[in-house]
*Asks:* 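Have a look at the structure that comes next, please.
First listed ligand is number 1; within each ligand, the first listed atom is number 1. Throughout, residue positions are numbered sequentially from 1 according to the sequence presented. Given the structure is predicted, the values throughout are model-derived calculations rather than measurements.
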Amino acid sequence: MLEINKEDTPSDFETLIEQGLSRRSLLKGMGTSALGLFFAAHPLSKAIASANSALLGFRAVPASTADNFVVPQGYVAKPLISWGDPILPGAPQFDPSGEQNSAAQARQFGDNNDGMSLFPLSETRALLAVNNEYINKEYLYPHKGEAITADDVLKAQYAHGVSIVEIRKRRNGHWQVEQSSTFNRRINVATPMQITGPAAGHPLLRTRSDDSGRSALGTVGNCANGMTPWGTYLTCEENFQYYFAASSPVELNAMQRRYGLVEEDEGSHWFLHDERFDLSKHPNETNRFGWVVEVDPQNPADVPRKRTALGRMAHENAELVINSDGHVVVYMGDDARGEHIYKFVSQDRYNPGNQRDNRNLLENGTLYVARFHAEPGELHGTGEWIELSHGKNGLGVDSGFADQAAVLIYVRAAATVVGGTTMDRPEWIAVHPDNHSVFCTLTNNRHRGVRENQPVDGPNPRAENHYGQIVRWQPEDGNHNSDQFVWDLFVIAGNPMVHPDTLYAGSANVNADNMFNCPDGIGFDADGRLWIQTDGEFTNDGDFLGMGNNQMLCADTNSGEIRRFATGPKGCELTGLAFTPDKRTMFVGVQHPGSEGTISHFPSGGNSKPRSTVMMIQREDGGVIGT
Ligand code: FEO
Ligand code: CA
Ligand code: CA
Ligand code: CA
């Protein structure tokens, strides 16, 4: 029954689905523990282990617990820019003592670089827009966060946001930051921004300092990103709730709680010195975060725009495609346990002949949430997109939504009303360059199978899921505007060394040489290689034995083969990726080395302080990355 010969190795999405159908009889009646047997014993594991993908041309690197950044033989990786490097006029050099004040940080590269996009200016010049997600108090301050002053709060706020830097290719082929470029810019928690789209001006977005509900200050929790074909950068606000606390007792309503807000200070201390973050004084300020923000990196004076049409959530990234009908489609994950996957479809069409026309395509459109279907125990199925529009699908005054603005501001609650599928923490989404399949990392979820609204089912097949998986779907007829799709799981992470016979061994394309946990950042290169970055447990112990530090892998999504390409230093996650158009330089982010009590001296070595860093990866022979 299990005989699938090598020719059955899926060569495209259709055959995978077909194969899935043939598995149906096999899986019928099996409980979840039997499913594990199915993964481990699947003959594909042999086929994949011996596969030699034409797409993947590098030698895999082993798992690592070393405090360095390792790339395959024949490759070199060098730091491009690190937290605290000067990028604006008058900026001081990085001072490892932590004594530098907010004014210094405001002119330096921000902390915890995450998603990034590259905007070419010429063959030898480009702009790199990089998110700065958060800070590590133990490294930002000499007092490690024990005695936060008003200037310390400002310093943290200036370390968040976005850094835009010009980079130039030198004669030796290496790219370097151009410190004196007039394109260089810092966007932070104090940068004036516009709130635009259907929710702009809504009473829920008005505050004492902005009674228009249209002009916000700053961006925070800038996790992953997106870029548009009209040359703008999308920075996505994720864990904004962390920065708020109440100085006097407040009764948080159900909507505020759904967005993770709590009265207590969770450690930022911002509300002590910046009233804007005091929930008891400015409750609506929280509603002005959790958006996708569009910024033009080529215009240092551009006022960033919060695009409310894309909904308010813990945004991970914003993966944008131009659909065959010209509509702009943006796929988005809401990274919290049991939250959802969304799709935005623009009202107007993309005009390739006039980029100015496209500048407001994200202003209006229709938002959808994904609902996945599967027969019990099956790891593939169908799905549908459910519209999140006021007056449809039960979204109205009776269900708590006064208007479309309320639907967008509280889109999590709207997704529940219409029956969106609760997911295992959706992180990044990436569309294959052939435009026909979409991948989303589901990083982990300890609530799966524990909370009533998060049953073990379909694309979330494991209780207390601590390894994660990547779901893949294909829109009907390759049309991203269709409300129908089919899905399967591209990979289920696991540890076949620790769990040889259970569901937690992982799918057939996971083995002792490539195992990993908690996939997070993903992106395709122009040739269709899927790059997978992890943000998981780096204990290298117990369930995670043999996995080592966080890592970056590369997958051939046709053959299913996954090969480890890089390993990061101690305590870091790898996140953020960008390529030069010639495909010969790749930029990868090392975020929070030395976190959670680990000892790291990355990237400078010796006894130095660890610093989040963007790495530049090239081949020694100047060849195309990954081949
Ligand atoms: Fe900022 Fe969901 O990672
Ligand atoms: Ca992430
Ligand atoms: Ca993560
Ligand atoms: Ca992170």
Side-chain angles (χ1 to χ4, degrees), residues 83 110-117 130-136 159-162 219-226 234-243 259-260 266 268 289-293 311-319 331-342 412 422-430 439-448 465-471 493 516-523 530-539 544 547 549-553 568 571-578 588-593 595-596 612 614:
W83 160 51
D111 200 359
N112 275 274
N113 46 269
D114 204 316
M116 59 183 143
S117 296
V130 187
N131 284 349
N132 297 115
E133 188 181 27
Y134 71 109
I135 56 111
N136 301 103
H160 284 70
V162 181
T219 183
V220 77
N222 304 80
C223 185
N225 63 309
L234 304 177
T235 180
C236 305
E237 299 177 338
E238 190 187 24
N239 291 312
F240 62 90
Q241 76 285 353
Y242 168 79
Y243 300 93
Y259 280 82
E266 293 186 285
S268 81
F289 294 96
W291 303 105
V292 172
V293 187
R312 176 170 163 266
M313 63 191 82
H315 277 287
E316 189 73 19
N317 79 333
E319 177 74 342
Y331 289 107
M332 299 169 287
D334 181 357
D335 181 9
R337 295 177 192 94
E339 290 299 340
H340 304 282
I341 294 174
Y342 296 85
R412 285 180 167 178
T422 62
M423 308 298 290
D424 286 348
R425 293 187 56 196
E427 299 243 36
W428 293 49
I429 298 180
F439 294 69
C440 178
T441 46
L442 301 169
T443 196
N444 60 57
N445 182 7
R446 65 171 184 263
H447 292 167
R448 180 64 55 189
N465 172 20
H466 55 295
Y467 288 134
Q469 65 269 15
I470 298 180
V471 63
F516 62 95
N517 71 88
C518 303
D520 187 339
I522 49 170
L530 179 65
W531 298 85
I532 304 169
Q533 304 173 320
T534 70
D535 170 23
E537 292 287 343
F538 40 75
T539 56
F544 309 99
M547 293 181 174
N549 295 347
N550 277 305
Q551 52 184 289
M552 182 168 75
L553 306 109
C572 82
E573 71 174 270
L574 298 185
T575 184
L577 69 166
V588 169
V590 174
Q591 195 190 45
H592 58 75
S595 75
E596 294 181 37
S612 291
V614 176

*Asks:* Considering just N/O/S atoms, say which atom of E427 is closest to the Ca ion (ligand 2).
*Replies:* OE1
*Asks:* Can Q241 and Y259 be said to form a side chain to side chain contact (heavy atoms under 4.5 Å, CB included), step by step?
*Replies:* CA-CA 7 Å; Q241 76 285 353; Y259 280 82; 5.7 Å; no
*Asks:* Can you name the N, O or S atom of E427 that is closest to atom 2 (Fe) of ligand 1?
*Replies:* OE1
*Asks:* Assess D520: does it contribute an N, O or S atom lying under 2.8 Å from atom 2 (Fe) of ligand 1?
*Replies:* no
*Asks:* Are the side chains of R337 and R425 in touch, meaning some heavy atoms are under 4.5 Å apart?
*Replies:*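 Yes. Closest side-chain heavy atoms under 4.5 Å.
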*Asks:* In E316, which N, O or S atom comes closest to the Ca ion (ligand 2)?
*Replies:* OE2
*Asks:* Give a yes or no on whether D520 keeps an N, O or S atom under 3.0 Å from the Ca ion (ligand 2).
*Replies:* yes
*Asks:* Against D114, only a single residue in N131, T575, T235 fulfils side-chain hydrogen bond (donor to acceptor under 3.5 Å, both in side chains); can you say which?
*Replies:*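 Going through the options one by one, the only one that passes is T575.
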*Asks:* Please name the atom of E316, limited to N, O or S, that comes nearest to atom 2 (Fe) of ligand 1.
*Replies:* OE1
*Asks:* Is E133 close enough that one of its N/O/S atoms sits under 2.8 Å from atom 1 (Fe) of ligand 1?
*Replies:*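 It does: E133 brings an N, O or S atom closer than 2.8 Å to atom 1 (Fe) of ligand 1.
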*Asks:* Are M332 and E316 close enough, and set up right, to give a side chain to side chain contact (heavy atoms under 4.5 Å, CB included), and what steps lead you there?
*Replies:* CA-CA 7 Å; M332 299 169 287; E316 189 73 19; over 6 Å; no
*Asks:* Rounded to 10°, how big is the angle at atom 2 (Fe) of ligand 1 from D335 OD2 to E238 OE2?
*Replies:*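 Centred on atom 2 (Fe) of ligand 1, the OD2/OE2 angle is 90° (to 10°).
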*Asks:* Tell me whether N550 contacts the main-chain N or O of C572 through its side chain, where contact means a donor paired with an acceptor under 3.5 Å.
*Replies:*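 Yes: the side chain of N550 pairs with the backbone of C572.
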*Asks:* May I have the step-by-step check of side chain to side chain contact (heavy atoms under 4.5 Å, CB included) for V590 and L574, ending in yes or no?
*Replies:* CA-CA 5 Å; V590 174; L574 298 185; 3.8 Å; yes
